[in-house]
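Written out below as structure tokens is the structure these notes cover.
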Amino acid sequence: MTGPAAGFAVRLTGIEKSFGPVRANRGASLAVAPGEIHALVGENGAGKSTLMRVLSGMYAPDAGTMEVDGRDVTGWSTAHAIAAGVGMVHQHFMLVPPLTVAENIVLGREITSHGQLDRAGAERAVAELCARTGLVVAPGRRVADLSVGEAQRVEILKTLYRGAKLLILDEPTAVLSPPEVDELWRVLARMRAGGDTIVLITHKLDEVMEISDAVTVMRHGETVGRVATRETSPAALARMMVGREVALAGAAPLPPAPAHTATSADRPALEVRELTVADPRKARAVDAVSFTLAPGEILGVAGVEGNGQTELVEAIAGLRPARAGAVLLDGRDVTRLTVHERGAAGLSHIPEDRQRRGLVLDYSIADNLVLGQQRLYTRRGALDGARIADNARRRIEQFDIRPGDPAAPARTLSGGNQQKIVVAREMGRDFSVLLAAQPTRGVDVGAIEFIHAQLRAARGAGKAILLVSADLTEILALSDRIAVMYGGRFAAVLPRAMATEEVLGAYMTGAAGQAA
Amino acid sequence: MIFLALVAQTVRISMPYLFASAGGVLSERSGLIGLGLEGYMLAGAFTAALGSYYGQNPWVGVIAGVGGGMALALLYALCSIRYKADQVVVGVAINLLAVGATRFFLRLVFRSSSNSPRVPGFSVVETGTGFLALAHNPLIWMGALSIPAVAWLLYRTPFGLRVRAVGEHPGAALSVGVPVPKVQWIAVALSGALAGLGGAYLALDQHQFSDQMTAGRGFIALAAVIFGRWDPVRVGFACLLFAAAETMEIRLQGTSQIPGQFVQMIPYLLTIVALAGVVGRAVPPAALGKSGD
Amino acid sequence: MNGRLRAQLEETILPPIVALLIAALVGDLLILVYGQSPAAVYRLLIQGTWGNAYGLGQVLYKTTTLTFTGLAVAIGLQAGLFNIGAESQLAAGGFAAGVVGAMLPAGIPSVVLLPLFIAAAAIGGGLVGGAAGALKAKWGAHEVITTIMLNFVVLALLNYLTVAHFKVFDTLHTADIRSGALPRLSAVVPAFHGSAANVVLVLALAAVAAAWWYLYRSRAGYELRAAGLQPGAAEYGGVKVSRVWWQAMLLSGAVAGIGGLNFVLGYKHYYEDSFASGMGFLGIAVALVGRNNPLGVFLAALLFATLSQGGLAVNAVVPKQMVEVLQAVVIIAVATSVPEVRRLLRGARRSAAT
Amino acid sequence: GATSPTIDPNAVNIGIVFDVGGRGDKSFNDAAYLGAERAEKELGVHVRFIEPGDGSDREAGLRILAAEGMKLVVGIGFIFTDDLNQLAREYPNTDFAGVDYSVATDSAGNPIPPPPNLAALKFREEEGSFLVGALAAMVGHSKKLGFIGGMNSPLIQKFQAGYAAGVHYVCPDCQVIAQYAGVTPDAFRNPGVGKELALAQYQQGVNVIFHASGSTGLGVFEAARQTDRLAIGVDADQYSEAPGHVLTSMVKGVDAAVFDAIKRVKDGTFKGGIYTFGLAQNGVRYVYDEHNRNLIPDSVHARLEQIRADIIAGKIKVPSTLGAAP
Ligand SMILES: Nc1ncnc2c1ncn2[C@@H]1O[C@H](COP(=O)(O)OP(=O)(O)OP(=O)(O)O)[C@@H](O)[C@H]1O
Ligand SMILES: Nc1ncnc2c1ncn2[C@@H]1O[C@H](COP(=O)(O)OP(=O)(O)OP(=O)(O)O)[C@@H](O)[C@H]1O
Ligand SMILES: [Mg+2]
Ligand SMILES: [Mg+2]
């Protein structure tokens, strides 16, 4: 950070930003050379998103200086940032679902004729932009109807429409399929070739190695280092991020399944027969899916988001009605049972959306740690405060939830720690089958390592696990068998040994679309 | 003849609803609950009477009505947008404030607890179906245009696109440089102006202000907004439906064997039945009510 | 830990003080506009409420009704439902108790009858609230609209029943309740003589305690609040959200209905058409200022009852409308100063820390 | 009780508590106010007013005034009946008066007299209503006559019953369209609904409407102006609300009754009991003066006076409840 100021496209120094008591950035710095793809990595809550929001004008820093192209821009607004060619694609999409693609793209910079919106003009402009950049989406479609990959394209198009020369991407690949990731890399590479600068936040270190030119590592709101990509390794980066050695996903091979052939022969822990689920728009979200899951087995379900995984898991959990078919737990038909009854029958569920489903954000950590099991903590109609507190103490310690104050509202925790509450609750209860949906989404390497260890231990203890994940590395690292979901059906069910990223990717995109 | 008279009556009754719910649509589409419509309308009615009284000209009243409604709406905006207070709380308070303040100033200015003196209005003498009197009242024309105007604003102008975006996802709007609070301030101010016009219609049609003369019409207008699922055109039809039900109530009451109280329930029962049977689950703008922390 | 406790204390106590200061300031202005001396008017207001036993009794009487309607609204809001129907639920509860009472022979002791009256009032109000809840749970009809509409429908129905079937000649009230009526507080504290305050106040305090226990200590309350905060998470936690909705509305209506006993069983000993006028709407304000916490509801009810009675006390000097304005200003000031003062406090703390 | 700066211990102090609507309603409460104002001017007494809010405020208002040592406390409206009764017993040295006080009856149907220090000021609204009903039928040029009430209640039904009986007395096959603005006290202050009800009635061929609906009636007058028809005022002479369109008003002598009660207190001749003001006492009357003389032909006026005399003489029985009317 001592290089010549004029040489940097972006130079942030000593950035401070607090939210109430949380100091998200404490003197963070960032220097990005023009025309490079610069990766920004760090644990959950390290302050990456916050730093980039400061850069894009969404937050004003409490202290520190910001320079873009050598110009002091400290505390500018989003409007100024956009005018100066800085665009950001946010971790959580910043799209308005009921509006069309074109409306989302032109929002704030509308095309008008005689003071009225020029819809046709806007759609034309978007179509041209699509053609020029190779990011194709139909301009007239509602964003609510788009797949995640398409929505991401719209996000990037939004910034390009505003003439972004500095593009910030916050965890863009968390929800993409491999072919979509490849397409994104192509777009980024093309932009770099055209002289644009890119800052990329990601938790996937292999991506960092593959695409970036330089890396900045953050920890606890501070910048701990800036290195050239070719001079580092994933292990070295992980060490910088958490300050210790980390076992990266996929590094440890899965131990052989414990005697699982013996038990699966007579009675599967979970059996799903011809399960069909309708989605709100009355289409078949899940179309006659059947499979069995043996005790001590992990069945990974891969697939691009929106192919029925959510509906499949929620129907098994009892959160959505099955239109046809049956769900059997340990041989018992539970298709008509309530969520609670299924839980009592041995079903545990880590939901994919912790903020909406998995936690009551305004409840304390302790209260969240009994959600779904509140009946077990009831005596004569009243909640048993002593036992709830005791449970919280044990889980917080066991799963290292921070902060460790059981009375703290779940809302005040970082994403990774929120996920730990859910995992602690669902794996701490008595269960025989675990539905684990996106258990490590957006969670940092340290926490991933921890959660993966927990899943492996459960498998070792003879639990059956249905693992749904958009992250192929995770699927490949943990699963005994792998199913690929496409269009509401299992396009393929493969033993781990036969599955590679290439094979799975083909099924995920329907390229190898033979229904199983 | 009878039919035309019924139509004319329905149109008259629908006026305050149309004005207020047009405002309600704008406010709610920008993410701010229109709970204060009743209050804006009442304030508008009072200031309209005041303006018409001192100006001795109904147009002064119309302008004052807009001002009165808007003033209260700006107070709402100040509390809920600038100070991030809970919208429901402030909305309820705005209504109480409107009742109290109009009474207070009624006492102060006109030394009465219930009525203002007679003020100039727009009405003309007519003995037919009532259409002539309708056509001569410029506020009727404005009321009829209020819904199409809001529809145009929402769907055809850049401002409308921003309103819709802000009400669904303020973060997204902010991230592309849309000044979210400013858009909301304008939408709320316009909603106050429109509801104020509704109040002005009531006061000028009666040629006076009387205590609590809006009598819950703002709430019915809010019901129409929800009933019409936040779409101006559908909301307009909901207003006409409510007004038609009231017309029917007026025509049936006293001429049938059914006790009057039951006839008076008709519009309200109709709303409940329609809501349960026809409209079903209404999905509000995603960020409605969430301007607070 | 200690710092957090202090911070919490500051954040709870400071905003209402700021709010009351703002309201007092606005009050000064209005009084001056009316050509009177603020100090004299406020003195009169205090004298007429907390300054003498009768005034205090009146405050307590109003507090009782407002506590019930406030709790009713608060329970709904905790379940994520905005019950605007407390007005008609209160009336229906009072009506049910009044009609039951009118039919009883004289001479049955109160102790025996009290549960009957409570049940009648709860059923009366609960039916109205439960109807709105069922409409929401079954057909998704928005409760804000249905409760507003039910207000009109129920008040019309009660008016019909009173006028056509139950009224005493030439009046708008039902026949006197001959047994089971509750004593006034003046039976215990003679100084309260003449004030309407009665034993239902004790019932209101019990309701505050019960509501607090229910919301924060019972499993049903845990599920109800979860359904209100995050329906998706509640459903995930095995809670039937639609069932919580109608149960909460049923309970909310029942609580409002029991409030009807204050007038019917404790004060007039008959049901009178439109006795509930305005109390339901003020209940919304009470719940909101009390931040949906039963204890807060009680304190807010005390505040609004004081203002309401105070309005009467100063009526000779300034119009009572001034107090109506003040009530609104209090609500706005509380709603606005809570988040704002909190932000300012946190800002100050942070700059003190760095 | 609290003492207020406005109390003058040397003067005769009178307290008045208003009904819903309060001062300025241009009918009932204003009539009471008028009587009190006249008493202030002519008798030199001091009058204090209270406008109550919800139910318990009525008693509280009376009590505050009684505790302050008022000589006379007046409650305006039948709704004060029980409160007055109670307070009169508690404050035997204060005089009370209740306008429209409804006298209870025992099981045998005999009226139960109020306490000795309480004067029940009752009006035979049905008699006055009968007369304006007859007048409406005679000048209405239509077989349909209109009535618009505020809140549906026994008191207002009394107006309706008398009015309908008067209509049918002169025109047996005439039809009375009777409508109410609502079912809550708000129905007395909803001119918007009053106007629409009236417009609908006029549109159906009604030419004259009698209203008994407080501020709601202001909408009725507005409709009369707009359609160039006639309306009949209530409680006070409401001619000025729509000059040329007010056929007459059924005036209740609330002002005179209140003035009279105050005068008796001042003179020391106040006595409790039931005071009924009918046509005979000129307590209710219809307006016939230079403003509306041109609307009422002499023959009609003569017949009306005859009916009036017959009612006073008991030759015509006027019903006071709806059941008795055809
Ligand atoms: N709007 C906000 N309000 C309060 N706290 C916030 C807000 N945004 C971020 N924080 C807090 O600031 C800290 C840094 O958050 P930030 O989102 O920048 O981390 P991050 O590095 O992006 O983490 P992740 O890898 O999980 O995305 C976290 O503790 C977070 O809880
Ligand atoms: N009122 C609050 N007080 C403290 N922290 C908050 C508050 N509201 C939100 N946050 C924090 O702000 C964060 C939002 O920032 P962001 O969207 O970057 O999520 P994150 O921390 O990166 O989590 P994840 O990795 O799961 O996405 C939340 O994780 C949450 O911990
Ligand atoms: Mg982040
Ligand atoms: Mg994250």
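This structure is a prediction, so every number in the text was calculated from the model and none was measured. Worth knowing before you read on, the calculation uses all heavy atoms, side chains too, and leaves out hydrogens, waters and symmetry mates. Letters go in sequence order (proteins before strands), and every chain restarts at 1.
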What's the verdict on side chain to side chain contact (heavy atoms under 4.5 Å, CB included) for H193(C) and E90(D), showing C-alpha distance, side-chain angles and the deciding distance?
-> CA-CA 10 Å; H193(C) 174 78; E90(D) 274 184 45; 2.8 Å; yes

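F78(D) places a side-chain heavy atom less than 4.5 Å from the side chain of L172(C). Considering only heavy atoms from C-beta on, T171(C) stays 4.5 Å or farther from T81(D) through its side chain.
At a 4.5 Å heavy-atom cutoff, the contact between F49(D) and chain C is made by backbone atoms alone. There is no contact between L155(D) and chain C, counting heavy-atom distances below 4.5 Å. Proximity to chain D is limited to the side chain of Q309(C), based on heavy atoms less than 4.5 angstrom apart. The part of Y270(C) that comes within reach of chain D is its side chain, from C-beta onward, which places non-hydrogen atoms under 4.5 angstrom from that chain.
Between S274(C) atom OG and D186(D) atom CG the span is 9.0 Å, to the nearest 0.5 Å. Annotation: the span from D82(D) atom CG to E272(C) atom CD amounts to 7.5 Å, rounded to 0.5 Å. Residue K268(C) holds its NZ atom at 3.0 Å from CG of D83(D), rounded to the nearest 0.5 Å.
With hydrogens and angles ignored, the 3.5 Å screen pairs a side-chain donor or acceptor of N159(C) with a backbone N or O of N152(D).
In plain terms, the two heavy atoms of V163(C) and Q157(D) that are nearest each other are CG1-NE2, 3.4 Å. What you find for D57(D) and K62(C) is that their closest heavy atoms are OD1-NZ, 2.5 Å. Contact detail for M151(D) and D273(C): the closest heavy-atom pair is CE-OD2, 3.1 Å.
Put simply, of G194(C), S195(C), G55(C), the one with the most heavy-atom pairs under 4.5 Å next to chain D is G194(C).
Under the ring-ring contact (aromatic ring centres under 6.0 Å, His included) criterion, no residue pair touches residues 83-105 of chain D, with sequence neighbours excluded.
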